[in-house]
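These numbers were taken from a predicted model, which means no experiment stands behind them. Every chain is numbered from 1 and lettered A, B, ... according to where its sequence line falls, protein lines coming before strand lines.
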Protein chains: 2
Amino acid sequence: MDTQHYLQAAERLCAANGGKLTELRRQVLELVLGYPGVVKAYQVLADLQRDRGAAAPPTVYRALDYLAQYGMLHRVDALNGYIVCHHFECSHQALILACEQCGGVEELDADATFQSLSQTTARAGFVPRAQSLVLTGSCKHCHS
Amino acid sequence: MDTQHYLQAAERLCAANGGKLTELRRQVLELVLGYPGVVKAYQVLADLQRDRGAAAPPTVYRALDYLAQYGMLHRVDALNGYIVCHHFECSHQALILACEQCGGVEELDADATFQSLSQTTARAGFVPRAQSLVLTGSCKHCHS
DNA sequence: TAGGTAATGTTATACAGTAACATCCGCGGT
DNA sequence: ACCGCGGATGTTACTGTATAACATTACCTA
């Protein structure tokens, strides 16, 4: 999916949730799209300051939170960063593989895994919130 | 396992890895043990300052890192905190269930789950590092 | 056009983590 | 006993991450 179609799909997703892909959100989404892997909030902030002259942390955090809330981005806790989700239109659970060596990130569909996890946690009476699972490790290019 | 036996086991674990459960590390471990769920580094720092008069962030982070390195604690990225592992003596993968409502944390053994995850990631050529998986959601006392 | 709501701007600050270097302390070798 | 070494801790200062609180704007609608 190229950037144009991606952004159109993002607009539809926002609209479907009663919101809008505002100029700021679109700009932030494009910035994150421009990075191959995980991006930090303050990197986006710096880019934003370069592009539009002024921006403060809340500005970028609000946009990132919004985009993550509806699945266009995934927050990667282990890395304090964000990655683009390239298939938010299909309902899915994401399994994010973050390489500790090269910083690269890959996303797998993990509906089946999530099912099996849910069964495990059900025995403890625990209901997991739909979310992204993150594994750190080494990717195929990096493991020695 | 009561605190006395737990600390003795911790001492053994440190020794087995060529280290020591120093006074500072023991103190930090006891502090974390005193909390029912997840604890933040700066909470431990405050406790430490109360108990011994002075302490700076590196002091507590070094101790926490050491304890987590050998499995006495687990770091919970999603919450920027740490929890005690009550069964570090059995080799295991931890599956941590963190309740978003009450802040409570439960830990399950997840060797089987980790196996299945590894199989999934192997198809992408990815080798996950042994680590703790964290799921957020709602525990049996809290889901409405 | 007044009033409400969502979004954004602004300031300040809280919270999290680490770099760099100084000091101490226990221990093996002589 | 003394030296020298390495691990652990202390200290200072800083960088990075995130949010609270409030002001302002933009836009829709009654």
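The side chain of B:R52 places no N or O atom within less than 4.0 Å of a non-bridging phosphate oxygen (OP1 or OP2) of D:dT9. Contact annotation: A:T59 side-chain N/O to C:dG9 OP1/OP2 distance is under 4.0 Å.
Per the geometry, CD belonging to B:Q27 stands 17 Å off P belonging to D:dA8, to the nearest Å. The CG-P distance, from A:L64 to C:dA7, rounds to 15 Å in whole Å. The OH-P distance, from A:Y70 to C:dA7, rounds to 8 Å in whole Å. Between the CG atom of A:D65 and the P atom of D:dA20 there is a distance of 11 Å, rounded to whole Å. In this structure, B:D77 places its CG atom 12 Å from P of D:dA18, rounding to the nearest Å. For the pair A:N17 CG and C:dA6 C1', the computed distance is 15 Å after rounding to whole Å. Between the P atom of C:dT10 and the CG atom of A:L48 lies a distance of 12 Å, rounded to the nearest Å. When the P atom of C:dC24 is taken as reference, atom CG of B:L24 falls 17 Å away, rounded to whole Å.
Taking 4.5 Å as the limit, every side-chain heavy atom of A:V134 sits out of range of all side-chain heavy atoms of B:D77. A heavy-atom distance below 4.5 Å is not found between the side chains of B:I83 and B:R75. When side chains are defined from C-beta on, B:V32 counts as touching B:L73, because their heavy atoms get closer than 4.5 Å. Considering only heavy atoms from C-beta on, B:V84 stays 4.5 Å or farther from B:V39 through its side chain. No side-chain heavy atom of A:T59 sits less than 4.5 Å from a side-chain heavy atom of A:V28. Within the 4.5 Å cutoff, no side-chain heavy atoms of B:E89 are placed close to those of B:L13. Annotation: side chain of B:E106 is not in contact with side chain of A:T121 (no heavy-atom distance under 4.5 Å). Contact check for A:R25 versus A:Y66: side-chain heavy atoms found under the 4.5 Å cut-off.
Atom CD of B:Q115 has 12 or fewer heavy atoms from other residues, nucleotides or ligands within 6.0 Å.
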Polar atom pairs between nucleotides 28-30 of chain D and protein, under 3.5 Å, N or O only, would you list them?
none

Provide a list of protein-nucleic acid N or O atom pairs under 3.5 angstrom, restricted to nucleotides 11-16 of chain C.
unit_1	atom_1	unit_2	atom_2	d
C:dA16	OP1	B:K40	NZ	2.9
C:dA16	N7	B:Y42	OH	3.3

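Judged by distance alone, with hydrogens and angles left aside, B:R62 brings no side-chain donor or acceptor close enough to the base of D:dG7 to form a pair under 3.5 Å.
Looking at A:E107, its side chain never comes within 3.5 Å of a backbone N or O of A:I96 through a donor-acceptor pair.
A rotation axis mapping the C1' atoms of four pairs onto the next four is fitted at both ends of the helix from C:dT1-D:dA30 to C:dT30-D:dA1 over five pairs, and the angle between these axes is 20° to 10 degrees.
Comparing atom distances between the A:T22 side chain and each of C:dA7, C:dT10, D:dT9 picks out C:dA7 as nearest.
Across the interface with DNA chain D, nearest-nucleotide mapping of B:A55 and B:R25 shows B:R25 to be the residue nearer the 5′ end.
For B:F88 and B:Y6, the ring centers are positioned less than 6.0 Å apart.
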From CA spacing to verdict: salt bridge (charged side-chain N to carboxylate O under 4.0 Å, His left out), A:R50, A:D47 = CA-CA 5 Å; A:R50 168 172 48 70; A:D47 293 350; 3.2 Å; yes
